[in-house]
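Heads up, the thing below is written out as structure tokens.
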2 protein chains.
Amino acid sequence: MYTVSTYHHGELRPALLRSAAQLLEKRGPQALSLRELARRAGVSHNAPYRHFAGREALLAALAAEGFHRLGEALARTAGRDMGEAYVRFALEHPQLFRLMFGGQLRLARHRELAQAALQPYEALLTVFRAQPSLADAEKAAAAAWALVHGLAHLLLDGHFARQATDPAAFARAVIGAVRFASRPG
Amino acid sequence: MYTVSTYHHGELRPALLRSAAQLLEKRGPQALSLRELARRAGVSHNAPYRHFAGREALLAALAAEGFHRLGEALARTAGRDMGEAYVRFALEHPQLFRLMFGGQLRLARHRELAQAALQPYEALLTVFRAQPSLADAEKAAAAAWALVHGLAHLLLDGHFARQATDPAAFARAVIGAVRFASRPG
DNA sequence: CTCCTATGTTGACAGAAGAAACATTACCGC
DNA sequence: GCGGTAATGTTTCTTCTGTCAACATAGGAG
């Protein structure tokens, strides 16, 4: 009934994740259906359930991968360029970024995801703690994260379409417009 | 065949929007289906199509309404409290906020929505332009928007769950940790 | 009163998620 | 090698959704 050699895909999980990532960026999250992924892997429509509890679990896995990649991207940059790196990541993988931060996946429900999601703040915190002149490194790191995060979101959504002909340059300028409160005295 | 007095609902469009808003906040965007709304309005499953071109159009209308409400909320506050008001709005209507800024609705496709979406920045810009000491009011306004926007998003997503036992207070503190570059000299 | 247009209704279709029951393969102890 | 068991895929079925097309009703303009 089946060709013997292809009954088992063998690499289904990674294959699914790979085409999921592609499909996500190309057609958005709505177009990302388990069945479509199964089709692309040349496998029955229910096979993915052997590897993911459901659609949401697959998305969570994708997002977790995204957090790791973002963490690495930030770690590769020197302290001051982190903000731009953050925005660049978002602009390069818009749909992935939205999946990660779109609120559709609740962190509490996916341990792996919650774990992965800690990376960006940790990375920022490390840098800010190294600056003793700051009044409050934690608050400053939080503010920095919020700033670049909001900037990324707003750029993606096109809210700065007029002001930002060159998004990267715009991001640099906006980030440059901000100072952090320093220790009194 | 039908009870004469109920064939026409009479207030269907607003009724749909109202229960859509409720359902959105209560069960999230996935649970918001046109059919469910029709059911709640006591109307056939296709009646909503007389008032909205499709699901996306209804979501766009909801989001546009959200932008107007946000704009009004900002306008009601004095200059310095705008940031907190912005965050408060997000925390009070998390799903609506995500709908507005989740990137699922493309501004370019819904004129009314694109128009409504201009309000927040305009409101901020007005305030920042009134401060002549600033080096660049546009950039500062953009930075302020990004800051509060990112803060709202991160709080909603639970990324500050540890640091922010009281989200409003945390927001105040983070916003307070930021200064804007002032005119040299 | 008649006709037109707004608004709702019915019925049908394709596509999706997911559950259940079944088939095939791979691997491990012997 | 060999047989059993767990892992991986398949089929089938149910339920839900968005959307289209054809039809029904209500209420106002003439």
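Per chain, numbering begins at 1; letters A, B, ... match sequence-line order.
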Between atom [atom1] in [X] and atom [atom2] in [N], what is the gap in whole Å?
X       : N      : atom1 : atom2 : answer
B:Phe52 : D:dT19 : CZ    : C1'   : 16 Å
B:Leu37 : D:dG18 : CG    : C1'   : 13 Å
B:Arg13 : C:dA6  : CZ    : C1'   : 15 Å
B:Arg50 : D:dC23 : CZ    : C1'   : 11 Å
A:Leu34 : D:dG9  : CG    : P     : 14 Å
B:Leu59 : D:dG18 : CG    : P     : 9 Å
A:Glu56 : C:dA16 : CD    : C1'   : 16 Å
B:Leu12 : D:dA26 : CG    : P     : 16 Å

Legend entry - Carboxylate-amine/guanidinium proximity below 4.0 Å for B:Arg88 and B:Asp81: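 No, this pair does not count.
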Legend entry - B:Arg69 and B:Glu72 ion-paired at < 4.0 Å: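 Looking at B:Arg69 and B:Glu72, the cut-off is not met.
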Inset, instruction - Measure from the side chain of A:Asn46, starting at C-beta and using heavy atoms only, and say which of C:dA19, D:dT8, C:dA12 lies closest. - result: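 The answer is C:dA19.
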Legend entry - Side chain of A:His45 - closest among C:dA16, D:dT11, C:dG11: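 Per side-chain heavy atoms of A:His45, the pick is D:dT11.
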Inset, instruction - Would you mind pulling out the nucleotide paired to C:dA6, Watson-Crick or G-U wobble, both distances under 3.5 Å? - result: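 The answer is none; no pair meets the criterion.
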Legend entry - Any-strand Watson-Crick or G-U partner of C:dA14, both distances under 3.5 Å: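 Result: D:dT17.
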Inset, instruction - Kindly label the base of D:dA22 as syn or anti, based on whether its glycosidic torsion lies within 90° of 0. - result: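 Anti conformation for D:dA22.
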Legend entry - Whichever of A:Glu36 and B:Ser44 has its nearest DNA chain C nucleotide further upstream toward 5':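 Mapping each residue to its closest nucleotide by heavy atoms, the 5'-most match is B:Ser44.
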Inset, instruction - Answer yes or no: are there more than 12 heavy-atom neighbours, outside B:Glu92 itself, under 6.0 Å from its atom CD? - result: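 Correct, the count exceeds 12.
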Inset, instruction - Mind checking the CD-CG spacing from A:Gln95 to A:Leu156? Nearest 0.5 Å is all I need. - result: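 So the gap between those two atoms works out to 8.5 Å.
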Inset, instruction - For B:Arg39, answer base if it contacts any base atom (sugar-phosphate contacts may also be present), sugar-phosphate if it contacts only those atoms, and nothing otherwise; contact means non-hydrogen atoms under 4.0 Å. - result: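 The answer is sugar-phosphate, as B:Arg39 gets under 4.0 Å only of primed atoms, P, OP1 or OP2.
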Inset, instruction - Using heavy atoms to find the nearest nucleotide of DNA chain D for A:Arg35 and B:Tyr49 separately, return the residue whose nucleotide is more 5′. - result: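 The residue whose closest nucleotide sits nearer the 5' end is A:Arg35.
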Inset, instruction - Classify the side-chain pair A:His159/B:Tyr121 by whether it contains a donor and acceptor separated by less than 3.5 Å. - result: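 No, B:Tyr121 and A:His159 have no side-chain donor paired with an acceptor closer than 3.5 Å.
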